[in-house]
Amino acid sequence: MALQTGTVEPLLGIRAARCWFPEKTRRPQDEVRTGNLTAEQAARHGEVTLHIARGWATESAPAMAVSAGRAALSASGVPAADVGLLAYAWTNYQGNPFFTAGHCVADGLGLPRSAAPVGVQQACNGAAMAFTLAAGQLRLDEHAHALIVAADRFGAPAVDHWRSHVMLAYGDGASAAVVGRPAPGDAFHVLAVEHVAAPELWRTRDDYDGFGPQPLATPPYINAMPTEKFSDEGGRPRLRAISHECITEAVDRALDRAGLAPGDPRITQVLAPRLSDKVRELMIGPVEEKYSDRIVCHYGETGHLGAGDFLANIADAETAGDLAPGDIVLVLGAGGGYSYTCAVLQVPEERAA
């Protein structure tokens, strides 16, 4: 019998979601004391704390992904042998120039050979896109589970924690979610996931200068600010206008697919990507304004987690313990390229409060 939500039949069930972060933390004022940032640069970043990875054996991006995956599997009660798909998303260099990071993570988790490791390269929106892959896998094998994991370790000469973007700080860490066919004990039911793409915005990076034979040809670090050419083509106003159109469309489509009105009182939280105030307005401004009394953003606690924002927000919503059965949460995603996502989650009515 299909589980009923009071809206539509759910697409997926999220058994559990968890995060894993390195212990070391840094704030902008710490970087001023060490000479890594000027006082002016630190002031632009405001109040934000980043987790900073150190040892490569336990805090490489794949190693952090394994730690988050283990935590999610343990919380879900799903054995590794029951995982049929590993979808691994990341944005930054994974620590090895020529390997498949997803297979490395699958091996670390002890997943069976029947579990297909798939890498999702969709910039900061990769984990959100992975929910669509998981839904497809579960149509093929309704008894299996999918494990969605995202992990990034930042730092020069690739994406620098503090200097690659003047208004955005990048934090290290990993997040994961175990999903399967909807069940009463799930943390959340996924009622809808909608993606909208704006591929015309792909060339926004300041270091874009055609194509070349190798990455990182121009250290000391990747500059993630818009290019001069992009500025000539409309720049920030164009990016803002298109982003606002796309995130609004993603939310409207997701609510429609879930059978919900925008003002439904069951929508208790709207989880924003972990972006600074200015970047968040640029990417999701109209939605944040519309749901200003329900917006939740954890940027100040972790910085931007690359591909990990989407899953980390779900994990924090699950473990906070302030949602009741029937409550609905909108999870927003946005990433370079560009792509925009809205997922509609509901706490199952059958779940104990």
Next on the checklist: Is the shortest side-chain heavy-atom distance between Lys278 and Met167 below 4.5 Å?
Outcome noted: yes

Checklist entry - Under 4.5 Å between side-chain heavy atoms, hopping through other hydrophobics if needed: is there a path connecting Val279 to Val287? => result yes

Next on the checklist: Please evaluate residues Glu200 and Ile242 with respect to the criterion side chain to side chain contact (heavy atoms under 4.5 Å, CB included), reporting the C-alpha separation (whole Å), side-chain torsions for both, the decisive distance (0.1 Å), and the verdict.
Outcome noted: CA-CA 10 Å; Glu200 67 271 28; Ile242 294 175; 3.8 Å; yes

Next on the checklist: With clusters defined by side-chain heavy atoms of hydrophobic residues (ILVMFWY) lying less than 4.5 Å apart, directly or transitively, does Leu275 cluster with Leu50?
Outcome noted: yes

Checklist entry - Does a side-chain N-to-carboxylate-O contact under 4.0 Å join Asp186 and Arg15? => result yes

Checklist entry - Hey, mind stepping through Leu37 and Gln29 against side chain to side chain contact (heavy atoms under 4.5 Å, CB included) and telling me if it holds? => result CA-CA 8 Å; Leu37 290 179; Gln29 51 266 47; over 6 Å; no

Item to check | Leu345 side chain reached by Ile328 side chain, heavy atoms, under 4.5 Å | outcome: no

Next on the checklist: Looking at Arg26 and Ile52, would you say the former's side chain and the latter's main chain have a donor-acceptor pair under 3.5 Å?
Outcome noted: no

Checklist entry - Does the side chain of Leu305 come within less than 4.5 Å of Ser175's, by heavy atoms? => result no

Checklist entry - Does Val118 share a hydrophobic cluster with Val179, counting links as ILVMFWY side-chain heavy atoms below 4.5 Å and allowing steps through other members? => result no

Checklist entry - Name the one of Tyr170, Phe154, Phe310 that satisfies ring pair (Phe, Tyr, Trp, His ring centres under 6.0 Å) with His304? => result Tyr170

Checklist entry - Any side-chain heavy atom of Val296 sitting closer than 4.5 Å to one from His298? => result yes

Next on the checklist: Walk me through whether Trp20 and Arg70 qualify under side chain to side chain contact (heavy atoms under 4.5 Å, CB included).
Outcome noted: CA-CA 10 Å; Trp20 191 92; Arg70 284 175 179 159; over 6 Å; no

Item to check | Step-by-step side chain to side chain contact (heavy atoms under 4.5 Å, CB included) determination, Val331 to Ile314 | outcome: CA-CA 8 Å; Val331 189; Ile314 294 173; 4.1 Å; yes

Checklist outcome for this item: The reported gap from SG in Cys124 to CG in Asp152 (rounded to nearest 0.5 angstrom) is 7.5 Å

Item to check | Under 3.5 Å side-chain donor-acceptor pair for His161 and Asn36 | outcome: no

Item to check | Joint cluster assignment, Leu168 & Val48, ILVMFWY side-chain distance < 4.5 Å | outcome: yes

Checklist entry - When clusters are formed from ILVMFWY side-chain contacts under 4.5 Å, directly or step by step, what else is grouped with Leu109? => result Val66, Leu73, Val78, Val83, Leu86, Tyr88, Trp90, Val105, Leu111, Leu147, Val149, Val178

Checklist entry - Ignoring hydrogens and geometry, is there a side-chain-to-backbone donor-acceptor pair from Thr34 to Glu31 under 3.5 Å? => result yes

Checklist entry - So, Arg274 versus Asn313: side-chain donor-acceptor pair below 3.5 Å or not? => result yes

Next on the checklist: Count I, L, V, M, F, W, Y as connected when their side-chain heavy atoms are under 4.5 Å apart, and connections chain through other members. Are Phe131 and Met129 then in the same cluster?
Outcome noted: no

Checklist entry - Are the side chains of Pro273 and Ile284 in touch, meaning some heavy atoms are under 4.5 Å apart? => result yes

Item to check | Polar side chain donor-acceptor pair, His195 to Thr341, under 3.5 angstrom | outcome: yes

Item to check | Any side-chain donor near an acceptor of the partner, Tyr340 and Ser243, under 3.5 Å | outcome: yes

